[in-house]
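First comes the structure, then the notes that go with it.
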Amino acid sequence: MYAFFARWRDTGLVAELHERLRESVRRAEGRRPEPSAAVVDSQSVKADATVAHTARGFDAGKRINGRKRHLLTDTLGLLLAVLVTPASTTDRDAARVLLPAAKNHFRRLARVWADGGYTGHLTDWTAQQLGVVLDIVRRSDDVQGFQALPRRWVVERSFAWLLRSRRLVRDYERRTETSEAVVLWSMTVLMSRRLAVRHQEPVPAPAA
């Protein structure tokens, strides 16, 4: 099974399957296939012993030694792009790789919501270089505990979806491109199930 997965990863089939399913889900939800807005965030996860020291890092804020998954999702929480880096990579540095690639693929992309980790020169850079508005959604200092923030909760839910896959609870992969492919595959399964449920919904009888 892994040999098939590796072959599909290397030929781009995993990414193509994911792409087609995302477009189908968006159409089923009454959206255009290509999004115009997105949400970006990152998640640090521990790395297994199979991950080389040169491919991991330490996230001082989360106190995690491992890797970081940078996700760009649409406003439905569907994955648009993923980048896996050592956990020591800052959100701003990863965004300079993730966002240009996404803009090149999604020409309609015009606005991206993010948290405070993306502040600074990045907001000016995305506007000038990509023509994309980077909208920072800040957390209120007066609120303690969990707070569902506008737009940002969408990508947080996507991270929760991914953690339902046992393979993604930690990072077990030697290669970052394999980690990215596993994320795509997890979302592919989720979207397949969502479409299957929609097709099974009963069609209302016509009015007499």
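Computed from a prediction, not measured in an experiment: that's the story for all the values here.
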Output, in order, the C-alpha distance, side-chain angles, deciding distance and verdict of salt bridge (Lys or Arg N to Asp or Glu O under 4.0 Å) for Asp41 and Arg152. CA-CA 8 Å; Asp41 203 354; Arg152 277 176 50 184; 5.2 Å; no
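- Within the structure, the salt bridge (Lys or Arg N to Asp or Glu O under 4.0 Å) test picks out the following pairs touching residues 72-81 (sequence neighbours left out): Arg26-Asp74.
- Listed by first then second residue, pairs satisfying salt bridge (Lys or Arg N to Asp or Glu O under 4.0 Å) with a partner in residues 83-93 read Lys68-Asp91, not counting sequence neighbours.
- The side-chain contact (heavy atoms from CB on, under 4.5 Å) search around Val132 returns Lys103, Val112, Leu130, not counting sequence neighbours.
- Residues Arg69 and Ser179 bring no donor and acceptor atom of their side chains to less than 3.5 Å of each other.
- Residues passing the side-chain hydrogen bond (donor to acceptor under 3.5 Å, both in side chains) test with Arg27: none are found, sequence neighbours excluded.
- At least one donor-acceptor pair under 3.5 Å links the side chain of Thr50 to the backbone N or O of Tyr172.
- Applying the side-chain hydrogen bond (donor to acceptor under 3.5 Å, both in side chains) rule to Asp59 yields the partners Ser44; only residues at least two apart in sequence or on another chain are considered.
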Which atom pairs, one a donor and one an acceptor, fall under 3.5 Å between side chains of residues 184-196 and the rest of the protein, sequence neighbours left out?
unit_1	atom_1	unit_2	atom_2	d
Ser186	OG	Ser165	OG	2.7
Thr188	OG1	Leu184	O	2.8
Ser192	OG	Thr188	O	2.8

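- A search for side-chain contact (heavy atoms from CB on, under 4.5 Å) contacts involving Arg164 returns Trp161, not counting sequence neighbours.
- Around atom CZ of Arg96, more than 12 heavy atoms belonging to other residues, nucleotides or ligands sit under 6.0 Å away.
- With sequence neighbours excluded, the residues that form a side-chain contact (heavy atoms from CB on, under 4.5 Å) with Asp10 are Arg175.
- The ring pair (Phe, Tyr, Trp, His ring centres under 6.0 Å) check on Tyr2 picks up Phe5, with sequence neighbours excluded.
- Listed by chain and residue number, Arg22, Glu23, His105, Phe106 satisfy the side-chain contact (heavy atoms from CB on, under 4.5 Å) test with Glu19 (two or more places apart in sequence, or in another chain).
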Using distance only, find each side-chain donor-acceptor pair of residues 30-40 under 3.5 Å and give its atom names and separation, not counting sequence neighbours.
unit_1	atom_1	unit_2	atom_2	d
Arg31	NH1	Thr75	OG1	3.1
Glu34	OE2	Arg107	N	2.6
Glu34	OE2	Arg108	N	2.7

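- Within the 3.5 Å criterion, the main-chain N or O of Leu134 finds no donor-acceptor partner in the side chain of Thr123.
- Listed by chain and number, the residues in a side-chain hydrogen bond (donor to acceptor under 3.5 Å, both in side chains) with Arg167 are Glu173 (sequence neighbours excluded).
- Each of Val25, Val154, Leu21 was evaluated against Leu78; a single residue qualifies, Val25, per the side-chain contact (heavy atoms from CB on, under 4.5 Å) test.
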